[in-house]
Amino acid sequence: FFLPYLEKILINLHDQRECNLVIDKALFPLAKKDSAKYLDLLIKWVKTDNSELMQSIQKVLIKLIHFDPKLARVMYLKLETSWLYATPDMIKLNARLIKEMYKFDKKLYFEIFAGYKNTRNPVFADILCKSICCYDKKIEEITENWTHSGNIKLKKIGLHAAKMLKKFRK
């Protein structure tokens, strides 16, 4: 009913405050009531090339995780499909959501890393590296694997991740 109209308005907005206001007042209450229905819509809008809209939706997705922690796994699975060709904004969004998932579902957080322990894709490694928020021996082993890569991008990401883990270890 009003969602196509709302989408048109949001895509054309280039003011972060206005975008946040519209999303918070118009969409968040609906998503809170029926998250399954509106989660797909939010994920679709995230994939548009509008950084203001992406940041606003990121805030709503985080609020939804706080409201219902069981949504974390569903969000991860829906967003994971866009990892292969992720833009820098999409990398930030995924990393931020994975960090937020750590607060509510540590098991899921470590499952995500375990699922990508043998990855050689720099984009996947970058998302995981930016989502590191604690020290764990298994994460250290994964990042150690990246530091020995012949792929220079992956090696840089691995070295950065090793530095981050070293800070968390102290």
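Numbering starts at 1 and runs along the sequence shown.
The shortest distance between side-chain heavy atoms of I139 and F168 does not fall below 4.5 Å. At least one side-chain heavy atom of L84 sits less than 4.5 Å from a side-chain heavy atom of N121. At least one side-chain heavy atom of E144 sits less than 4.5 Å from a side-chain heavy atom of T147. Residues M90 and M54 meet the side-chain proximity criterion, which asks for heavy atoms closer than 4.5 Å. Contact of the Y76 side chain with the N94 side chain is not registered, since no non-hydrogen atoms from C-beta on lie closer than 4.5 Å. A 4.5 Å side-chain heavy-atom check between L64 and L42 finds at least one atom pair inside the cut-off. When side chains are defined from C-beta on, P122 counts as touching I157, because their heavy atoms get closer than 4.5 Å. Here the side chains of F104 and H66 are in contact, with some heavy-atom distance below 4.5 Å.
Of all heavy-atom pairs between C129 and H160, the closest is SG-CD2, 3.4 Å. Pairing each heavy atom of L79 with each of S82, the nearest pair is O-OG, 2.8 Å. Nearest approach of D24 to P29, heavy atoms of both residues: O-CD, 3.3 Å. Residues N12 and H14 come closest through the heavy atom pair O-CD2, 3.2 Å. The heavy-atom pair separating M164 from I132 by the smallest distance is CE-O, 3.6 Å. A95 approaches S131 most closely through the heavy-atom pair O-CB, 3.5 Å.
The residues D126 and K153 are annotated as not salt-bridged, no charged nitrogen and carboxylate oxygen being separated by less than 4.0 angstrom.
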Legend entry - Verdict with supporting geometry, L128 and W146, side chain to side chain contact (heavy atoms under 4.5 Å, CB included): CA-CA 11 Å; L128 294 174; W146 298 338; 3.9 Å; yes
Inset, instruction - Show your reasoning for whether side chain to side chain contact (heavy atoms under 4.5 Å, CB included) applies to V123 and Y85. - result: CA-CA 8 Å; V123 177; Y85 301 106; over 6 Å; no
Inset, instruction - Before giving the answer on side chain to side chain contact (heavy atoms under 4.5 Å, CB included), spell out for L53 and W45 the whole-Å C-alpha distance, their side-chain angles and the decisive distance to 0.1 Å. - result: CA-CA 8 Å; L53 180 58; W45 288 357; 4.2 Å; yes
Inset, instruction - Apply side chain to side chain contact (heavy atoms under 4.5 Å, CB included) to the pair L61 and M75, showing each step before the final yes or no. - result: CA-CA 8 Å; L61 292 175; M75 274 184 213; 3.9 Å; yes
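A donor-acceptor pair under 3.5 Å links the side-chain atoms of T143 to the main chain of E140, judged by distance alone. Using a distance-only test at 3.5 Å, with no hydrogens or angles considered, a donor-acceptor pair links the side chain of Q16 to the main chain of E52. Between the side chain of Y109 and the backbone N or O of C133 there is at least one donor-acceptor pair closer than 3.5 Å.
Under the 4.5 Å side-chain heavy-atom criterion for ILVMFWY residues, no single connected hydrophobic cluster contains both L13 and L21. Under a hydrophobic clustering in which Ile, Leu, Val, Met, Phe, Trp and Tyr are joined whenever their side-chain heavy atoms come within less than 4.5 Å, directly or via other members, I142 and L159 fall into different clusters. There is a path of hydrophobic side-chain contacts, each under 4.5 Å, that joins V22 to Y5. Criterion: ILVMFWY side-chain heavy atoms under 4.5 Å apart, direct or through other members. Under it, L30 and V60 are part of a common hydrophobic cluster.
For K138 and F110, the positive end is not near the middle of the six-membered ring at less than 6.0 Å and at most 45° from its axis.
Atoms CD and CG, on E100 and D105 in that order, are 12.5 Å from each other to the nearest 0.5 Å. Put simply, CG on L97 and CD on E80 are 13.0 Å apart, with the number rounded to the nearest 0.5 Å. Between I9 atom CD1 and E18 atom CD the span is 10.5 Å, to the nearest 0.5 Å. Separation of atoms CZ (F28) and CZ (F67) is listed at 7.0 Å; rounding is to 0.5 Å.
Residues passing the side chain to side chain donor-acceptor pair (under 3.5 Å) test with Y102, sequence neighbours excluded: none.
Using a 3.5 Å distance cut-off with no hydrogens or angles, the side chains of N145 and E141 do not pair a donor with an acceptor.
The local environment of NZ in K47 is crowded, with over 12 non-hydrogen atoms from other residues, nucleotides or ligands closer than 6.0 Å. Within 6.0 Å of atom NZ in K155, 12 or fewer heavy atoms from other residues, nucleotides or ligands are found, so the atom counts as exposed in its surroundings.
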